Each structure stands twice: as structure tokens, then as C-alpha cells.
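Numbers here simply count residues along the sequence, with the first being 1. Just the heavy atoms: all of them, side chains too, but no hydrogens, waters or symmetry mates, feed the values below. Computed from a prediction, not measured in an experiment: that's the story for all the values here.
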Amino acid sequence: QVQLVESGGGLVQAGGSLILSCTDSRRTFNNNGVGWFRRAPGKEREGVACISWNGGNILYADSVKGRFTISRDNAKGTVYLQMNNLKPEDTAVYYCASHLSAIGSLNESRYRYWGQGTQVTVSS
């Protein structure tokens, strides 16, 4: 069974940076698209970024374009989310998930395995 573990969250001031990691210790998601999602207090979960199995296809939500970068290292079974120029509205619990296909999407409907989430808090 796929087990995804997120790490790297924390408290940061506006304008700062964080790198989130999503690790699948068994490397079973190397053939799958992986997405990062977030749920802010009082809001629905939304797609932030996704990456195909080989990194060839990447999508970002408009709200993070130019600030966030998703990447993956299949040798390490890890997907990263580099977050720069963070804003208070980026405060949320961030989740990674493994898609049923090799591509991925920003729609959570076809994601099968999810991590437990990591809290990101951006202070103003």
C-alpha cells in the first residue's frame, strides 16, 4: 500500500520560503502523477500543483504561479514543492496525493492515496 508522508511545513513570515517534501518510502508512485493540495481554514481543499510521472507535465493553480515550483526525484521517491514569496493567504494544511494516472491534475477526484498533511502558516 502506498504511504505518503509530507514534511517541511512550519511558520514563516510573509515573503519567506519553505520547501515541502512528499515521500513514498516504497517508491510506488514513481509511475504516477502527484499533486499538492491545500485546505485553508473554512475553505474547501484546492489543487496547488501537479506533476506527471517523469516531470514532463506540470500544472499550477493561478494563485501560486510564479511563486511555487513542483519537482520530483523518483530515485528518492520524493516530490517537492518549493514555495517562495509566501503570503498570509497561503496558510493552510498542505497535502500530497498520488494520482491514478501517470499525468495528474489539479482536480482531486482521481487521486487515490493521500498523505496526512503538513501545516504551513504565513504571518503578516
What distance do [X] atom [atom1] and [Y] atom [atom2] have between them, rounded to the nearest 0.5 Å?
{"X": "I103", "Y": "S52", "atom1": "CD1", "atom2": "OG", "result": "5.0 Å"}
{"X": "S124", "Y": "Q13", "atom1": "OG", "atom2": "CD", "result": "9.5 Å"}
{"X": "N74", "Y": "N54", "atom1": "CG", "atom2": "CG", "result": "8.5 Å"}
{"X": "C96", "Y": "I51", "atom1": "SG", "atom2": "CD1", "result": "12.5 Å"}

Side-chain heavy atoms under 4.5 angstrom apart, residues restricted to Ile, Leu, Val, Met, Phe, Trp, Tyr: same cluster for [X] and [Y]?
{"X": "Y60", "Y": "L86", "answer": "yes"}
{"X": "V48", "Y": "L59", "answer": "no"}
{"X": "Y80", "Y": "F29", "answer": "no"}
{"X": "V12", "Y": "F68", "answer": "yes"}

Salt bridge (Lys or Arg N to Asp or Glu O under 4.0 Å) contacts in which one or both residues fall within residues 63-85, not counting sequence neighbours: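 Pairs touching residues 63-85 that pass the test: D62-K65, R67-D90.
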
Donor-acceptor under 3.5 Å ([X] side chain, [Y] main chain):
{"X": "E6", "Y": "G117", "answer": "yes"}
{"X": "N32", "Y": "S98", "answer": "no"}
{"X": "N31", "Y": "W53", "answer": "no"}
{"X": "Q82", "Y": "T69", "answer": "no"}

CD/Q116: more than 12 non-hydrogen atoms of other groups inside 6.0 Å: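 Count not over threshold, so no.
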
Side chain to side chain contact (heavy atoms under 4.5 Å, CB included) assessment of T28 paired with Y113: CA-CA 11 Å; T28 55; Y113 298 109; over 6 Å; no

Quick one: closest heavy-atom pair of [X] and [Y], and the distance?
{"X": "L81", "Y": "Y94", "answer": "CD2-CD2, 4.3 Å"}
{"X": "T91", "Y": "P41", "answer": "O-CD, 4.1 Å"}
{"X": "A61", "Y": "G47", "answer": "CB-O, 3.4 Å"}
{"X": "L4", "Y": "C22", "answer": "CB-SG, 4.2 Å"}

Candidate pair V64 and R38, rule side chain to side chain contact (heavy atoms under 4.5 Å, CB included), full reasoning: CA-CA 12 Å; V64 306; R38 67 185 181 187; 4.0 Å; yes

Steps toward side chain to side chain contact (heavy atoms under 4.5 Å, CB included) verdict (M83, L20): CA-CA 8 Å; M83 305 187 295; L20 303 185; 3.7 Å; yes

Distance-only polar pair, side chains of N107 and S105, donor-acceptor under 3.5 Å: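 S105 and N107 do not have a side-chain donor-acceptor pair below 3.5 Å.
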
Full working for side chain to side chain contact (heavy atoms under 4.5 Å, CB included) between Y95 and R39: CA-CA 8 Å; Y95 303 87; R39 176 175 283 154; 4.2 Å; yes

side-chain hydrogen bond (donor to acceptor under 3.5 Å, both in side chains) against N85, all qualifying residues, sequence neighbours excluded: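 Scan of N85 (side-chain hydrogen bond (donor to acceptor under 3.5 Å, both in side chains), adjacent residues dropped) gives none.
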
By ring-ring contact (aromatic ring centres under 6.0 Å, His included) - contacts of F37 (at least two apart):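 F37 satisfies ring-ring contact (aromatic ring centres under 6.0 Å, His included) with Y111, W114 only.
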
